[in-house]
Amino acid sequence: MMLSLPDWRTLADTDDEQWPLLAAVLRVAADEDPQLDVAACQAQLQGHAEALATEVASITSLPLKMAAINRHLFQEQGYGPAEDYYAADNNHLQRVLAQRRGNPIALAIVQIEVANRLGLPVHGISFPGHFLTALDLGDDAILAMDPYHGGHPLGLEQIEALAAQHLGGQVPEAELLVRLLMPTPVRGIVLRLLRNLQRSWGMAGHWDKVARCADRQLLLAPENTEARRDRGLAYLQLGHTAAARRDLERYLRQEPEASDSHKINELLRNVPISSGRLH
């Protein structure tokens with residue numbers, strides 16, 4: 001059955017439990033590539049699942065089933081890290097499927113899609129540093145994995161060390177670690193993809209695309225003050241002064257104690273109050 005891509009407003013209004021992962025991820029890609037071949041993306045993922053179906057069905061252990069999937073994707077099919085980590089294409093699933101290269105979250109999406117098609121309960125984890133996945137083993141137990149490194153299973157010490165790298169060197173307490181390992185809903189996956197893309201476009205100076213990514217984030221999460229700030233800064237780069245002022249002033253009202261509030265105030269002192277573009 002041909003996958004239909006929902007529009008952004010439909011996604012925003014959909015309950016988190018009903019979000020379709022593949023359709024939502026391809027909706028992000030369609031912003032940049034309106035002619036993307038949705039059917040080809042579906043077929044490639046389904047092809048991976050069908051190639052594994054007999055082998056996976058013959059294995060009784062969930063971890064061993066997952067090992068077979070990881071071996072197929074990351075060794076036999078060659079999915080792995082992209083050379084240019086911050087390239088925008090690493091977040092576009094059709095490019096990742098074509099090139100077999102991507103960033104952690106894109107590789108995780110491939111792994112999740114194939115595993116789910118084979119009946120394995122794999123979900124994403126929006127972990128500090130980079131995106132992880134986990135296989136639900138039942139009884140509140142999970143097998144955490146790193147799709148950026150071949151789907152390698154992670155033990156507790158490895159997970160703690162990975163978290164500590166992004167928490168000031170401190171190993172997180174057990175309660176925090178449990179929260180960090182909670183499943184990420186599809187809305188959260190899409191928001192992280194959009195943040196990645198926003199950073200990539202910002203590094204390349206494509207401020208129109210930065211504004212678009214921030215705008216999508218605000219549609220999905222209206223309380224996202226950082227996205228509002230970033231959209232305002234992008235508008236400022238584009239010369240849309242009235243829109244920039246609205247976003248940045250609202251950001252300061254919402255985050256008066258933000259570490260960048262002084263810098264934003266300084267910028268606003270040099271922004272004309274009149275509407276329209278800078279000349």
Side chains of [X] and [Y]: does their closest heavy-atom pair fall under 4.5 Å?
X	Y	value
E255	E226	no
L233	D247	no
R212	E32	yes
W19	L220	yes
I69	V122	no
T14	P6	no

Let me see the working for L93 and V110 under side chain to side chain contact (heavy atoms under 4.5 Å, CB included), right down to the final yes or no. CA-CA 8 Å; L93 188 62; V110 173; 3.8 Å; yes
Which pairs of donor and acceptor atoms, one on a side chain in residues 136-143, lie under 3.5 Å apart (sequence neighbours left out)?
residue : atom : partner : partner atom : Å
D136    : OD1  : G138    : N            : 2.9

For the [atom1] atom of [X] and the [atom2] atom of [Y], what is their distance to the nearest 0.5 Å?
X	Y	atom1	atom2	result
R95	L97	CZ	CG	11.5 Å
E113	L73	CD	CG	11.5 Å
R216	D31	CZ	CG	4.0 Å
Q77	N70	CD	CG	13.0 Å

Taking side chain to side chain donor-acceptor pair (under 3.5 Å) as the test, write out the residues that go with [X], two or more places apart.
X	result
T10	D7
D89	none
H152	none

Y79: partners by ring-ring contact (aromatic ring centres under 6.0 Å, His included), with sequence neighbours left out: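 Listed in chain order: H48.
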Excluding sequence neighbours, so at least two apart, what forms ring-ring contact (aromatic ring centres under 6.0 Å, His included) with W201?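 For W201, the residues satisfying ring-ring contact (aromatic ring centres under 6.0 Å, His included) (neighbours in sequence not counted) are H206.
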Within 6.0 Å of CD in E266, more than 12 heavy atoms from elsewhere: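 Enclosed.
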Under 3.5 Å, is there a donor-acceptor pair linking the side chains of [X] and [Y]?
X	Y	value
Q46	E50	yes
Q94	D37	no
T225	Q254	no
H130	D146	yes
N90	D84	no

According to the salt bridge (charged side-chain N to carboxylate O under 4.0 Å, His left out) rule, which pairs have a member within residues 57-67, sequence neighbours left out?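 As it turns out, there is no salt bridge (charged side-chain N to carboxylate O under 4.0 Å, His left out) pair with a partner in residues 57-67 once direct neighbours are skipped.
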Could you note down all residue pairs passing salt bridge (charged side-chain N to carboxylate O under 4.0 Å, His left out) where residues 186-197 supplies at least one of them, sequence neighbours left out?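 Listed once each, the pairs are D16-R187.
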Sequence neighbours excluded and cut-off under 3.5 Å, please list the side-chain donor-acceptor pairs for residues 153-175, or say none.
residue : atom : partner : partner atom : Å
Q158    : OE1  : G155    : N            : 2.8

ring-ring contact (aromatic ring centres under 6.0 Å, His included) contacts touching residues 246-270 (sequence neighbours left out):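 For residues 246-270: none.
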Hey, could you give me each pair passing ring-ring contact (aromatic ring centres under 6.0 Å, His included) that has a residue in residues 84-110? Not counting sequence neighbours.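 For residues 84-110, and leaving out neighbouring residues, the ring-ring contact (aromatic ring centres under 6.0 Å, His included) pairs sorted by first residue read Y85-Y148.
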Name the residue from L5, L197, N91 that meets the side chain to side chain contact (heavy atoms under 4.5 Å, CB included) definition with V28.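 With V28 as partner, L5, L197, N91 yield a single side chain to side chain contact (heavy atoms under 4.5 Å, CB included), made by L197.
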Just list the side-chain donor-acceptor pairs under 3.5 Å for residues 56-64, sequence neighbours left out, or say none.
residue : atom : partner : partner atom : Å
S58     : OG   : E55     : O            : 2.6
S61     : OG   : L64     : N            : 3.3

